[in-house]
Amino acid sequence: MRELVGTAARRPRRLGPLAVFLAIAAAGLAALPGWPLPWAPPPARAADPVVSNVLFAQRTDGSGLVDVTYDLADTDGDSMTVTLLASENDGASWDLPCLQVSGDVGPGVRSGTGRHIVWNFGGDNPGRQLAACRVRVVASDLGVPFFAHSPRHYAIIDWLVEHWTPEMFERYARADLIVLTANYYWADPTNESLRVLDRIRAINPDCKIIGYVLGKTSMVAWENPGNGAFGHTWWQRTRPYWCWTTTGDTVQDWQGQVNINILEPGCREAMASTIAEFQRNSNNKFDCVFWDYFNKALWIGAQVTMTGLPDLDGDGIGHWSDPDELAAYRAAEVSLVQAVQDSLGPDFIQIFNGQRAYADSAFAALGDGMFYEVFPEIFFPQPQTLRYALNPAWPYNLFRTNSWPRSRNGGPYNIYGNTGQNRYYDTTGQLTEIKMGNTFRALSLLTDGWTCWTEGGNWRYGWTNVDIPLGQPLGPTVIDGDLFTRDYQYGRVEVLMTSYRYPDPCDYKIWVNGRLVEELAIPYHFP
Ligand SMILES: [Ca+2]
Ligand SMILES: [Ca+2]
């Protein structure tokens, strides 16, 4: 991927009937290195595409159309995917809508001089007058488009991905936050030499990359050194702290995982120091850890069997009816988070999975965000789950919990995710998958949360088909009965709860500058 910026000249030219004018790129082109842009070019490969001579000019016929020309070269002859981006703030952000484009843009663009894009600026930005504008042309020879999206709250959670290709670096780098399983990146010979995290950051320096770690268990499979050096070290160092039941059985809360006793200071020390040691020694340095997970008490998956009751303090009283043990368990979670902060500093982000942070503001404030797993099925009372999540009168609503975590590290990072799949027959009789990430995006636009996409394994709902920029919010969400609306710099989002009942998603609409660009109102969807 390579890109260049057309430099705006200070020669605004007023147009006719549309009352739209736009600064016109004169000649100057800017090479990118050193520019404070959201995306920097990745390390050069022999056959990277090269974009040059980006120029643009608005037609003077009153049509509002802008002609963008550029030269495109790829020495190994790849077909390229070209994305046009625009900025009205001198490149501080690139979310000025440029959705209505034609010509040498999108997939299938070949090398050549004088490539030509027609941008319907007047259609995308009716009535807007700009004294200065910049455009960027981004070309990928790996088939990846780089649309602007806003707010910059797109997350990918992929606990399964382990093997990387050049195409994947570009595809994943479109997100603003990525959660990856730390054991696949710390001390893994292939991924250490690949420097996976640096490659993602080379494309998107603003992307926060988070290492998934365990908050209260060890993987049984990590006894085998072949399943990862970090995991095996974790297994060895926490082996003395396995949890036992009242009848002497081992405690498991999920298949393949054995619980470790975080009530023991030595166990917490082993966990925190192992995380800190591998983070410091690895080429793949995460911005943070994602803890899986912290609840107020142990929760045992239905598929796990054991005899007796978990008894972490060994007093013969089962976990759930032992007030001292429950208090100690909650205190141990706090100590564990503080131990990691003591080792890696307050700038090291910590995100909590699990239901404790959803309802405990003091605990949430120890970290930078929380993950709403299986959202909104878990925690929110069914079947009116989202009605609670968006109700300001309900104590754990998303507007309120988003104010609990720290903001010093760019957060809060409250992430809405669900790996399930939901389908319906649309108005044409076609079985259609609801892209839950798109639905969660509408909710994120209201609540300043993060919409979550996952790829790989059985999590196949992929990336959004509607990267659409709205710019910055102009104010808080306005609630009028079942209708939730919020205005943005370049558009508006509307969520309607009237026919909502989980698992059916809520209806929503998104406009860009007065034009409807996205709608879900089952059985209808657009686009
Ligand atoms: Ca190429
Ligand atoms: Ca006990």
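In each ligand, atom 1 is the first atom listed, and ligand 1 is the first ligand listed. Keep in mind that this is a model prediction, so the values were computed, not measured.
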- Any N, O or S atom of Asp141 closer than 3.0 Å to the Ca ion (ligand 1): yes
- Heteroatom N/O/S of Gly77 within less than 3.0 Å of the Ca ion (ligand 1): no
- Message: What do you get for the angle at the Ca ion (ligand 2) between OD1 on Asp313 and OD2 on Asp322, to the nearest 10 degrees?
- Response: 90°
- Message: How large, to 10°, is the angle at the Ca ion (ligand 2) when you draw lines to OE1 on Glu325 and to OD1 on Asp315?
- Response: 160°
- Query: Do Phe278 and Trp234 have their ring centres less than 6.0 Å from each other?
  - Reply: no
- Query: Is the gap between the ring centers of Tyr154 and Trp450 under 6.0 Å?
  - Reply: no
- Short N/O/S contact of Ile317 with the Ca ion (ligand 2) (below 3.0 Å): yes
- Message: Asp360: which residues meet the salt bridge (Lys or Arg N to Asp or Glu O under 4.0 Å) condition with it, sequence neighbours left out?
- Response: Arg356
- Message: Under the ring pair (Phe, Tyr, Trp, His ring centres under 6.0 Å) test against Phe294, which residue among Phe363, Tyr329, Phe371 passes?
- Response: Phe363
- Message: Among the N, O or S atoms of Asp311, which one sits nearest to the Ca ion (ligand 2)?
- Response: OD1
- Item | Side-chain donor-acceptor pair present, Tyr372, Thr401, cut-off under 3.5 Å | yes
- Could you tell me whether Asp67 and Arg59 make a salt bridge, using a distance below 4.0 angstrom between a side-chain N and a carboxylate O? yes
- Query: In Asp76, the N, O or S atom nearest to the Ca ion (ligand 1) is which?
  - Reply: OD1
- Query: At the Ca ion (ligand 1), what is the angle formed between atom OD2 of Asp74 and atom OD2 of Asp78, rounded to the nearest 10°?
  - Reply: 90°
